[in-house]
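Just so it is clear: chains get the letters A, B, ... in the order the sequence lines come, proteins before strands, and each one is counted from 1.
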Number of protein chains: 2
Amino acid sequence: MQTRGEFGNVDGRSLDELAPRERVIRTASDLFYRLSINSVGIDRIIAESGVAKMTFYKHFPSKAALIATYLRDTRAIWFQMLATATEKPGLSTVERVLAIFDAIDEPLQARTFRGCSFARGLAEFGPEANTPEVQATIAEYFKELHEFVASLIEPLALGNPKRAVIQILSLIQGSFVMAQSIPDPEIVQANREAARLLLENDLAALSKRET
Amino acid sequence: MQTRGEFGNVDGRSLDELAPRERVIRTASDLFYRLSINSVGIDRIIAESGVAKMTFYKHFPSKAALIATYLRDTRAIWFQMLATATEKPGLSTVERVLAIFDAIDEPLQARTFRGCSFARGLAEFGPEANTPEVQATIAEYFKELHEFVASLIEPLALGNPKRAVIQILSLIQGSFVMAQSIPDPEIVQANREAARLLLENDLAALSKRET
DNA sequence: CCACAATTAGACAGACCTGTATGTATTTGC
DNA sequence: GCAAATACATACAGGTCTGTCTAATTGTGG
């Protein structure tokens, strides 16, 4: 079975019962994530997805457009996962933040984990690249993730919410890098604990100031 | 002036007064870091370093060997910087850890900062790549960095030093990713504060247990 | 059953890639 | 000053890259 992005395949349908466009996207997602974007050529994607070259170029005007589609799809899956994890009823605000770490714990320990698709995208398509569509998609992801965490902790009304957002995002992105560079089953739990302690310390400082 | 890796040029000599081999390394380091490794070809490195192709292949048996040299040099510079920052006399153990954050604060805010060369290397040369020399160099870096932080906090005799190492490394790597994705002058300071709070909390738990 | 759209196969252009070959110029050691 | 090592310029081989073109085949709606 193919995997897609950091968090696996969405439905279980096999490749050859899908429409050509979807077959291309799945194959490309798998190869891009496993190997990196620049090291996978169109020819290989076409061969492994069992699609004709002209069919590919009918659906995607260029490789850059396929990359952008891959990144947009990965972003959608990831934010969907974040939403279901954090929007469980009955969770406190702090628990919602910690739920992010609980949600990524297992995927990051998977043998197939290769880091954050967008941090890796930034490594290949930085400011000096000539692929505005790809770069814009990556930039939007980071902006959206930042806004997500900011609005998540907003109910806490912390004294320095901006700092807390930076710390939480750093612990998440740090987990991604660590998980692929120095595998250890306790990485995410360690950073979950760090996030909990940081938030509870901020809250304690708040209530102390009130008294 | 050329920059080399995350932390700038070492000496100020201009390119054309250097030996060919060094000229190649400097040019390659600059291009690899600014653009990514796979998107920079040998021809461009040769052209911009003003060296003949045969001279290049006399000094480096392959492009992979040049990449490994680039990574090893970057690693040496980075660990040299870590050593001078943390080995200042009169610092407490906690202050030595925080000195890492102080040392990276300014470089990470530089307009030319493009993230950690090794995390980016991992993005391009993951487990399925066919470049053992490059992959080994990257793996060695992460192992060495892990050991550096582990031995740095060893004098604290924490109850769970492994967890503290993960947290500190995650905050560092998280800073690298954040600095290039959502630039903000307070990123490193925020994570420095996080590291301080985590360590001091661990130490407080220790002294409480002793009493 | 037929017309039309979508998909297929495969060749091709032009650029770029790594690495080699050939010969000339320049520097360096003695 | 001379010999040997080093570096130079340039062409080339063989492969891969993206994207285009032609033409045959398949599938589908009416």
Over how many whole Å does the gap from B:Glu22 atom CD to D:dT6 atom P extend?
17 Å
Are A:Glu106 and A:Leu108 packed together at the side-chain level, in the sense that at least one heavy-atom pair is separated by less than 4.5 angstrom?
no
Spacing of B:Phe60 atom CZ relative to C:dT18 atom C1', expressed in whole Å
15 Å
One character per nucleotide, please: for nucleotides 18-27 of chain D, 5' to 3', B when the base has a protein heavy atom closer than 4.0 Å, S when only the sugar-phosphate does, - otherwise.
BBBBB-----
Apply side chain to side chain donor-acceptor pair (under 3.5 Å) to B:Glu128 and list each qualifying residue two or more places apart in sequence or on a separate chain.
A:Arg34
Does B:Arg114 count as lying over the ring of B:Phe32, i.e. NZ or CZ under 6.0 Å from the six-ring centre, within 45 degrees of the axis?
no
Strand contacts (DNA chain C) in residues 126-136 of chain B, 4.0 angstrom heavy-atom criterion
none
Separation of atom CD1 in B:Ile67 from atom C1' in C:dT18, rounded to whole Å
11 Å
Contacts of B:Lys58 that satisfy side chain to side chain donor-acceptor pair (under 3.5 Å) - sequence neighbours left out
none
Distance in angstrom units between B:Arg21 CZ and D:dA5 C1', rounded:
17 Å
Give every residue pair that meets the side chain to side chain donor-acceptor pair (under 3.5 Å) criterion with at least one member in residues 179-188 of chain B, sequence neighbours excluded.
none
Please tell me if the side chains of A:Ile25 and A:Tyr70 come closer than 4.5 Å, counting only heavy atoms from C-beta onward.
no
Can you pull out every side chain to side chain donor-acceptor pair (under 3.5 Å) where at least one residue sits in residues 79-89 of chain B? Sequence neighbours excluded, please.
none
Can we say A:Lys143 and A:Glu147 salt-bridge, meaning some charged N sits less than 4.0 Å from an Asp/Glu carboxylate O?
yes
Whether A:His59 contacts C:dA6 is assessed here as follows: a side-chain N or O lying under 4.0 Å from the phosphate OP1 or OP2. Is that the case?
no
